[in-house]
Chemist: 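Sharing a structure, written as C-alpha coordinates. Questions coming.
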Amino acid sequence: MGLLSGSASVTRFAVTARPPEPDFDSAAFHAIAPGSEVRESIGFVPFELGAPYQVGNARWAFRVRIDRLRPDPTAVGERVKQLLAAEMEATGAPFVGRDKRRRLKELAEEELIVHAAPRSKIVEGALDGDVLYLGTTAKNAVGLVTGLLRRIGVTGEPKAPWLDRAEPEVASEVVPLRDAGQSVLGCRFLAALAGETDLFFEPIAGSVRLLAGETKVSLAGVVLADLLAYLERGAEVLAGKLTTGEVTFRLDGASWRIGGLAVETGRHDHWTELLDERLEKIAAVYELLDAKYAQLDPLAQGAPVPAEAGRPEVAVH
(Lines give C-alpha, C1' and ligand atoms only; values in the text may rest on other atoms or scores of the structure.)
Protein backbone atom coordinates (compact mmCIF):
# COMPACT_ATOMS: atom_id res chain seq x y z
CA MET A 1 0.00 0.00 0.00
CA GLY A 2 1.18 3.52 -0.70
CA LEU A 3 0.59 6.69 -2.63
CA LEU A 4 2.15 5.46 -5.86
CA SER A 5 0.89 1.89 -6.14
CA GLY A 6 -1.62 -0.55 -4.70
CA SER A 7 -4.65 0.34 -2.63
CA ALA A 8 -4.14 3.57 -0.73
CA SER A 9 -4.30 4.08 3.01
CA VAL A 10 -3.94 7.78 3.71
CA THR A 11 -3.55 10.15 6.62
CA ARG A 12 -4.01 13.83 5.75
CA PHE A 13 -2.55 16.90 7.46
CA ALA A 14 -2.92 20.64 7.03
CA VAL A 15 0.57 22.12 6.71
CA THR A 16 1.12 24.91 9.22
CA ALA A 17 4.73 25.77 8.32
CA ARG A 18 7.37 24.77 5.81
CA PRO A 19 10.50 26.28 4.28
CA PRO A 20 10.24 27.53 0.69
CA GLU A 21 12.49 24.62 -0.32
CA PRO A 22 12.38 21.77 2.23
CA ASP A 23 15.83 20.22 2.56
CA PHE A 24 15.07 16.50 2.55
CA ASP A 25 18.74 15.67 2.03
CA SER A 26 19.59 17.12 5.45
CA ALA A 27 17.68 14.21 7.03
CA ALA A 28 18.52 11.56 4.45
CA PHE A 29 18.43 7.87 5.29
CA HIS A 30 21.69 6.15 6.21
CA ALA A 31 21.93 2.36 6.29
CA ILE A 32 22.93 0.64 9.53
CA ALA A 33 26.55 -0.44 9.15
CA PRO A 34 27.42 -4.08 9.96
CA GLY A 35 28.64 -4.36 13.54
CA SER A 36 27.25 -0.97 14.47
CA GLU A 37 25.59 -0.42 17.83
CA VAL A 38 22.83 1.52 16.06
CA ARG A 39 19.55 -0.38 16.20
CA GLU A 40 17.28 1.96 14.22
CA SER A 41 17.76 4.35 11.31
CA ILE A 42 15.14 6.62 9.76
CA GLY A 43 15.49 9.13 6.95
CA PHE A 44 14.24 10.42 3.62
CA VAL A 45 14.84 8.71 0.29
CA PRO A 46 13.52 9.84 -3.11
CA PHE A 47 10.86 7.87 -4.95
CA GLU A 48 13.47 6.82 -7.49
CA LEU A 49 17.24 6.64 -7.11
CA GLY A 50 18.66 10.06 -7.93
CA ALA A 51 15.23 11.60 -8.53
CA PRO A 52 14.50 15.12 -7.26
CA TYR A 53 12.15 15.57 -4.33
CA GLN A 54 10.30 18.45 -5.97
CA VAL A 55 7.92 17.09 -8.60
CA GLY A 56 5.77 20.13 -9.34
CA ASN A 57 4.86 23.64 -8.32
CA ALA A 58 4.83 23.58 -4.48
CA ARG A 59 4.72 19.77 -4.59
CA TRP A 60 7.32 17.42 -3.14
CA ALA A 61 7.22 13.64 -3.14
CA PHE A 62 9.29 11.63 -0.68
CA ARG A 63 9.68 8.27 0.93
CA VAL A 64 10.73 7.65 4.50
CA ARG A 65 12.75 4.51 5.10
CA ILE A 66 12.70 3.01 8.58
CA ASP A 67 15.24 0.28 9.29
CA ARG A 68 15.17 -1.63 12.58
CA LEU A 69 17.69 -4.19 13.71
CA ARG A 70 16.07 -6.84 15.87
CA PRO A 71 17.14 -10.44 16.57
CA ASP A 72 14.70 -13.18 15.64
CA PRO A 73 12.53 -13.77 18.74
CA THR A 74 12.38 -17.53 18.18
CA ALA A 75 16.16 -17.77 17.95
CA VAL A 76 16.47 -15.62 21.08
CA GLY A 77 14.15 -17.95 22.98
CA GLU A 78 16.14 -21.01 21.99
CA ARG A 79 19.45 -19.38 22.88
CA VAL A 80 18.10 -18.31 26.28
CA LYS A 81 17.17 -21.95 27.00
CA GLN A 82 20.73 -22.98 26.23
CA LEU A 83 22.19 -20.27 28.45
CA LEU A 84 19.82 -21.16 31.30
CA ALA A 85 20.79 -24.82 31.09
CA ALA A 86 24.48 -23.92 31.12
CA GLU A 87 23.97 -21.58 34.08
CA MET A 88 22.17 -24.19 36.19
CA GLU A 89 24.77 -26.81 35.32
CA ALA A 90 27.60 -24.45 36.32
CA THR A 91 26.04 -23.34 39.62
CA GLY A 92 24.13 -26.50 40.57
CA ALA A 93 21.12 -24.31 41.34
CA PRO A 94 17.66 -25.76 40.57
CA PHE A 95 16.50 -22.50 38.95
CA VAL A 96 17.76 -19.13 37.69
CA GLY A 97 16.52 -15.90 39.27
CA ARG A 98 14.62 -13.20 37.43
CA ASP A 99 17.50 -10.70 37.20
CA LYS A 100 19.87 -13.34 35.89
CA ARG A 101 17.29 -14.48 33.34
CA ARG A 102 16.98 -10.89 32.11
CA ARG A 103 20.76 -10.57 31.73
CA LEU A 104 20.93 -13.87 29.86
CA LYS A 105 18.21 -12.71 27.50
CA GLU A 106 20.12 -9.51 26.84
CA LEU A 107 23.24 -11.60 26.18
CA ALA A 108 21.35 -13.81 23.75
CA GLU A 109 20.02 -10.78 21.89
CA GLU A 110 23.51 -9.25 21.64
CA GLU A 111 24.93 -12.51 20.31
CA LEU A 112 22.26 -12.95 17.65
CA ILE A 113 21.87 -9.36 16.54
CA VAL A 114 25.37 -9.47 15.04
CA HIS A 115 24.04 -11.84 12.37
CA ALA A 116 20.60 -10.22 11.96
CA ALA A 117 19.61 -8.19 8.92
CA PRO A 118 17.64 -4.95 9.39
CA ARG A 119 13.94 -5.02 8.65
CA SER A 120 12.88 -2.14 6.44
CA LYS A 121 9.62 -0.23 6.19
CA ILE A 122 8.85 2.44 3.59
CA VAL A 123 6.24 5.17 4.06
CA GLU A 124 5.40 7.32 1.05
CA GLY A 125 4.44 10.94 1.42
CA ALA A 126 3.54 13.97 -0.65
CA LEU A 127 3.70 17.60 0.37
CA ASP A 128 1.16 19.28 -1.89
CA GLY A 129 1.02 22.99 -1.17
CA ASP A 130 -0.64 23.35 2.21
CA VAL A 131 -1.70 19.70 2.46
CA LEU A 132 0.42 16.71 3.48
CA TYR A 133 -0.55 13.18 2.49
CA LEU A 134 1.08 10.16 4.15
CA GLY A 135 0.56 6.71 2.66
CA THR A 136 -0.20 5.01 5.98
CA THR A 137 -2.78 5.01 8.77
CA ALA A 138 -0.50 3.27 11.29
CA LYS A 139 -0.13 5.51 14.34
CA ASN A 140 3.52 4.64 15.00
CA ALA A 141 4.58 5.21 11.40
CA VAL A 142 2.69 8.50 11.22
CA GLY A 143 4.43 9.68 14.37
CA LEU A 144 7.89 8.77 13.06
CA VAL A 145 7.34 10.50 9.71
CA THR A 146 5.86 13.70 11.14
CA GLY A 147 8.73 13.84 13.65
CA LEU A 148 11.24 13.56 10.81
CA LEU A 149 9.44 16.27 8.85
CA ARG A 150 9.66 18.61 11.83
CA ARG A 151 13.45 18.23 11.66
CA ILE A 152 13.41 19.94 8.25
CA GLY A 153 10.91 22.61 9.28
CA VAL A 154 7.69 21.06 7.97
CA THR A 155 4.91 21.02 10.56
CA GLY A 156 1.25 20.24 10.32
CA GLU A 157 -1.90 19.33 12.18
CA PRO A 158 -4.58 16.74 11.41
CA LYS A 159 -6.96 17.90 8.70
CA ALA A 160 -10.64 17.10 9.24
CA PRO A 161 -13.84 19.03 8.48
CA TRP A 162 -14.63 19.75 12.15
CA LEU A 163 -11.19 21.33 12.46
CA ASP A 164 -11.50 23.27 9.20
CA ARG A 165 -14.86 24.62 10.40
CA ALA A 166 -13.48 25.37 13.89
CA GLU A 167 -16.35 23.45 15.46
CA PRO A 168 -16.39 23.05 19.24
CA GLU A 169 -15.17 19.81 20.75
CA VAL A 170 -17.89 17.27 21.46
CA ALA A 171 -17.44 15.15 24.56
CA SER A 172 -18.02 11.42 24.36
CA GLU A 173 -18.09 8.92 27.19
CA VAL A 174 -18.24 6.06 24.70
CA VAL A 175 -15.85 6.69 21.79
CA PRO A 176 -12.15 6.56 22.75
CA LEU A 177 -10.39 9.67 21.41
CA ARG A 178 -6.66 9.18 21.90
CA ASP A 179 -5.01 11.29 19.20
CA ALA A 180 -4.96 14.99 18.39
CA GLY A 181 -7.69 16.10 16.02
CA GLN A 182 -9.99 13.14 16.62
CA SER A 183 -13.67 13.82 17.19
CA VAL A 184 -16.84 11.87 17.78
CA LEU A 185 -18.35 14.06 15.04
CA GLY A 186 -16.68 11.78 12.48
CA CYS A 187 -18.54 8.85 14.03
CA ARG A 188 -21.84 10.78 13.89
CA PHE A 189 -21.11 11.50 10.23
CA LEU A 190 -20.81 7.78 9.54
CA ALA A 191 -24.10 7.13 11.32
CA ALA A 192 -25.81 9.80 9.21
CA LEU A 193 -24.68 8.06 6.01
CA ALA A 194 -26.95 5.10 6.72
CA GLY A 195 -29.81 6.75 4.84
CA GLU A 196 -27.82 8.31 2.00
CA THR A 197 -27.80 7.21 -1.63
CA ASP A 198 -24.79 9.01 -3.14
CA LEU A 199 -22.26 7.92 -0.50
CA PHE A 200 -23.30 4.88 1.49
CA PHE A 201 -22.15 1.74 3.29
CA GLU A 202 -21.04 -1.03 0.93
CA PRO A 203 -24.21 -3.16 0.72
CA ILE A 204 -22.87 -6.61 -0.24
CA ALA A 205 -19.28 -6.99 1.00
CA GLY A 206 -19.62 -4.49 3.81
CA SER A 207 -17.54 -3.96 6.92
CA VAL A 208 -18.53 -1.83 9.90
CA ARG A 209 -17.15 -1.40 13.42
CA LEU A 210 -19.42 0.00 16.14
CA LEU A 211 -19.61 0.69 19.83
CA ALA A 212 -22.91 -0.15 21.50
CA GLY A 213 -22.36 1.06 25.03
CA GLU A 214 -19.28 -0.86 26.15
CA THR A 215 -19.85 -3.56 23.53
CA LYS A 216 -17.59 -3.67 20.48
CA VAL A 217 -19.41 -4.91 17.41
CA SER A 218 -18.04 -5.94 14.02
CA LEU A 219 -20.42 -6.35 11.08
CA ALA A 220 -19.41 -7.95 7.79
CA GLY A 221 -21.19 -8.82 4.56
CA VAL A 222 -24.74 -7.50 4.06
CA VAL A 223 -24.60 -5.04 6.93
CA LEU A 224 -27.30 -2.42 6.44
CA ALA A 225 -30.18 -4.03 8.36
CA ASP A 226 -27.99 -4.86 11.37
CA LEU A 227 -26.35 -1.44 11.20
CA LEU A 228 -29.73 0.33 11.33
CA ALA A 229 -30.80 -1.84 14.25
CA TYR A 230 -27.69 -0.92 16.23
CA LEU A 231 -28.10 2.77 15.37
CA GLU A 232 -31.66 2.68 16.70
CA ARG A 233 -30.19 1.41 19.99
CA GLY A 234 -27.78 4.35 20.10
CA ALA A 235 -24.59 2.74 18.83
CA GLU A 236 -21.66 4.86 17.63
CA VAL A 237 -20.07 3.94 14.29
CA LEU A 238 -16.29 3.85 14.52
CA ALA A 239 -15.41 2.88 10.96
CA GLY A 240 -17.08 1.62 7.84
CA LYS A 241 -16.53 0.53 4.26
CA LEU A 242 -18.13 3.18 2.05
CA THR A 243 -18.86 3.39 -1.65
CA THR A 244 -20.22 5.78 -4.24
CA GLY A 245 -20.83 2.92 -6.65
CA GLU A 246 -17.64 3.88 -8.50
CA VAL A 247 -15.10 4.16 -5.70
CA THR A 248 -14.92 2.11 -2.49
CA PHE A 249 -12.83 2.72 0.61
CA ARG A 250 -12.81 2.47 4.40
CA LEU A 251 -13.17 5.50 6.63
CA ASP A 252 -12.09 5.73 10.25
CA GLY A 253 -14.60 8.27 11.48
CA ALA A 254 -12.86 9.82 14.47
CA SER A 255 -9.49 10.30 12.73
CA TRP A 256 -10.81 10.95 9.18
CA ARG A 257 -8.31 8.50 7.72
CA ILE A 258 -9.11 6.47 4.63
CA GLY A 259 -7.92 2.97 3.82
CA GLY A 260 -8.28 0.31 1.17
CA LEU A 261 -8.86 2.87 -1.58
CA ALA A 262 -8.42 1.27 -5.00
CA VAL A 263 -7.18 4.03 -7.29
CA GLU A 264 -7.81 3.34 -10.97
CA THR A 265 -5.34 5.11 -13.27
CA GLY A 266 -4.29 5.16 -16.88
CA ARG A 267 -0.92 4.22 -18.32
CA HIS A 268 1.90 6.71 -17.82
CA ASP A 269 5.43 7.02 -19.14
CA HIS A 270 6.84 8.47 -15.92
CA TRP A 271 6.17 7.83 -12.23
CA THR A 272 5.53 11.52 -11.55
CA GLU A 273 2.58 11.48 -13.96
CA LEU A 274 1.18 8.42 -12.18
CA LEU A 275 1.64 10.11 -8.81
CA ASP A 276 -0.14 13.23 -10.08
CA GLU A 277 -3.18 11.21 -11.11
CA ARG A 278 -3.29 9.16 -7.92
CA LEU A 279 -2.97 12.23 -5.70
CA GLU A 280 -5.72 13.92 -7.67
CA LYS A 281 -8.06 10.98 -7.06
CA ILE A 282 -7.12 10.68 -3.38
CA ALA A 283 -7.77 14.40 -2.95
CA ALA A 284 -11.12 13.99 -4.72
CA VAL A 285 -12.21 11.35 -2.20
CA TYR A 286 -11.35 13.68 0.67
CA GLU A 287 -13.17 16.54 -1.07
CA LEU A 288 -16.22 14.31 -1.41
CA LEU A 289 -16.09 13.43 2.29
CA ASP A 290 -15.59 17.04 3.38
CA ALA A 291 -18.50 18.24 1.24
CA LYS A 292 -20.77 15.45 2.49
CA TYR A 293 -19.86 16.29 6.06
CA ALA A 294 -20.88 19.92 5.49
CA GLN A 295 -24.16 18.76 3.96
CA LEU A 296 -25.06 16.42 6.83
CA ASP A 297 -23.72 18.72 9.59
CA PRO A 298 -23.15 16.11 12.33
CA LEU A 299 -22.69 18.86 14.95
CA ALA A 300 -26.37 19.71 14.66
CA GLN A 301 -27.55 16.12 14.97
CA GLY A 302 -26.77 15.57 18.64
CA ALA A 303 -25.67 12.44 20.43
CA PRO A 304 -27.41 9.09 19.93
CA VAL A 305 -29.41 7.50 22.72
CA PRO A 306 -27.01 5.46 24.90
CA ALA A 307 -27.09 1.76 24.11
CA GLU A 308 -27.26 -1.06 26.61
CA ALA A 309 -23.79 -1.57 28.10
CA GLY A 310 -21.87 -4.39 29.64
CA ARG A 311 -21.89 -7.04 26.93
CA PRO A 312 -18.73 -8.74 25.63
CA GLU A 313 -17.19 -8.07 22.23
CA VAL A 314 -19.11 -9.75 19.41
CA ALA A 315 -18.68 -10.16 15.67
CA VAL A 316 -21.64 -10.38 13.30
CA HIS A 317 -21.07 -11.81 9.81
Side-chain angles (χ1 to χ4, degrees), residues 1-6 8-70 117-160 163-164 179-181 255-258 263 268-283 286:
M1 296 183 293
L3 297 182
L4 192 61
S5 62
S9 293
V10 185
T11 302
R12 183 183 63 162
F13 291 85
V15 176
T16 55
R18 68 167 173 82
E21 301 289 337
D23 186 5
F24 294 95
D25 287 327
S26 66
F29 172 81
H30 297 284
I32 300 174
S36 169
E37 294 184 358
V38 175
R39 296 292 178 261
E40 180 175 280
S41 180
I42 175 173
F44 293 110
V45 294
F47 265 68
E48 298 286 348
L49 185 64
Y53 286 101
Q54 187 162 9
V55 294
N57 183 28
R59 175 179 285 181
W60 293 265
F62 59 89
R63 284 176 167 157
V64 172
R65 179 171 168 178
I66 305 163
D67 272 19
R68 290 191 175 97
L69 196 57
R70 300 287 188 271
R119 294 184 178 182
S120 298
K121 179 180 180 62
I122 296 290
V123 179
E124 297 177 345
L127 185 58
D128 191 16
D130 59 355
V131 180
L132 169 67
Y133 298 99
L134 298 182
T136 181
T137 56
K139 180 179 178 180
N140 182 57
V142 168
L144 288 173
V145 174
T146 53
L148 187 65
L149 285 166
R150 283 194 296 271
R151 287 174 53 186
I152 64 170
V154 178
T155 61
E157 58 186 23
K159 183 171 175 58
L163 298 173
D164 294 340
D179 299 327
S255 64
W256 214 242
R257 297 175 181 177
I258 61 176
V263 185
H268 297 284
D269 295 329
H270 198 269
W271 67 267
T272 56
E273 297 174 348
L274 175 61
L275 181 64
D276 287 344
E277 184 176 0
R278 285 177 64 92
L279 283 178
E280 180 181 353
K281 294 193 173 183
I282 290 170
Y286 268 117

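Nothing fancy with the numbering, it's 1 onward along the sequence. Because the structure is a prediction, the values reported are computed rather than measured.
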Chemist: Quick one, D67 and E40 - any side-chain contact, counting heavy atoms below 4.5 Å?
Modeler: no
Chemist: Do the non-hydrogen side-chain atoms of V64 and F29 ever get within less than 4.5 Å of each other?
Modeler: no
Chemist: Quick one: pull up CG in L275 and NE2 in H270 and give me the separation to the nearest 0.5 Å.
Modeler: 11.0 Å
Chemist: Quick one, R65 with S120, criterion side chain to side chain contact (heavy atoms under 4.5 Å, CB included). Give me CA distance, side-chain angles, the key distance, then yes/no.
Modeler: CA-CA 7 Å; R65 179 171 168 178; S120 298; 3.4 Å; yes
Chemist: Should we count NZ of K121 as having more than 12 external heavy atoms under 6.0 Å?
Modeler: no
Chemist: Between P46 and A51, what is the shortest heavy-atom contact and its length?
Modeler: CB-O, 3.4 Å
Chemist: So, is the end of the R63 side chain (NZ or CZ) under 6.0 Å from the ring centre of F47 and within 45° of the ring's axis?
Modeler: yes
Chemist: Just one of L3, T136, L134 clears the side-chain contact (heavy atoms from CB on, under 4.5 Å) bar with V10, so which one?
Modeler: L3
Chemist: Could you measure the distance from the CD1 atom of I32 to the CZ atom of R39? Nearest 0.5 Å is fine.
Modeler: 8.0 Å
Chemist: Might you point out which heavy atoms bring V123 and G135 nearest each other, and give the distance in Å?
Modeler: CG1-N, 4.5 Å
Chemist: Work out which heavy atom in L69 is nearest to a heavy atom in P118; give both atom names and the distance.
Modeler: CD1-N, 3.6 Å
Chemist: Fit a plane to each ring of F44 and Y53, take the angle between them on a 0 to 90° scale, and name the class: parallel (under 30°), tilted (30 to 60°) or perpendicular (over 60°).
Modeler: perpendicular
Chemist: Go through the steps to decide whether Y133 and D128 satisfy the test side chain to side chain contact (heavy atoms under 4.5 Å, CB included), and finish with yes or no.
Modeler: CA-CA 8 Å; Y133 298 99; D128 191 16; 4.3 Å; yes
Chemist: To check you understand the geometry: which heavy-atom pair defines the closest contact between R18 and G129, and what is its length?
Modeler: NE-O, 3.6 Å
Chemist: Any side-chain heavy-atom pair from I152 and F62 closer than 4.5 angstrom?
Modeler: no
Chemist: Show every side-chain hydrogen bond (donor to acceptor under 3.5 Å, both in side chains) that has at least one partner inside residues 150-160, sequence neighbours left out.
Modeler: T16-T155, K159-D164
Chemist: Is the shortest side-chain heavy-atom distance between L149 and L132 below 4.5 Å?
Modeler: yes
Chemist: Under a 4.0 Å threshold between the charged nitrogen and the carboxylate oxygen, would R278 count as salt-bridged to D276?
Modeler: no
Chemist: Please examine the side chains of Q54 and R59, heavy atoms only from C-beta on, and report whether any two atoms are closer than 4.5 Å.
Modeler: no
Chemist: Please round to the nearest 0.5 Å and tell me the distance separating atom OG1 of T272 and atom CD of E48.
Modeler: 10.0 Å
Chemist: Taking the side chain as everything from C-beta on, heavy atoms only, tell me whether V131 gets closer than 4.5 Å to V15.
Modeler: no
Chemist: If you compare all heavy atoms of A180 against all heavy atoms of P158, which two are closest, and at what distance to 0.1 Å?
Modeler: O-CG, 3.3 Å
Chemist: Can you find a heavy atom in the side chain of P22 that is under 4.5 Å from one in the side chain of W60?
Modeler: yes
Chemist: Please report the interatomic distance OG1(T137) to CD1(I258), rounded to the nearest 0.5 Å.
Modeler: 10.0 Å
Chemist: To the nearest 0.5 angstrom, please state how far the CZ atom of R12 sits from the OG atom of S255.
Modeler: 11.5 Å
Chemist: Rounded at 0.5 Å granularity, tell me how far CH2 in W256 sits from OG1 in T11.
Modeler: 14.0 Å
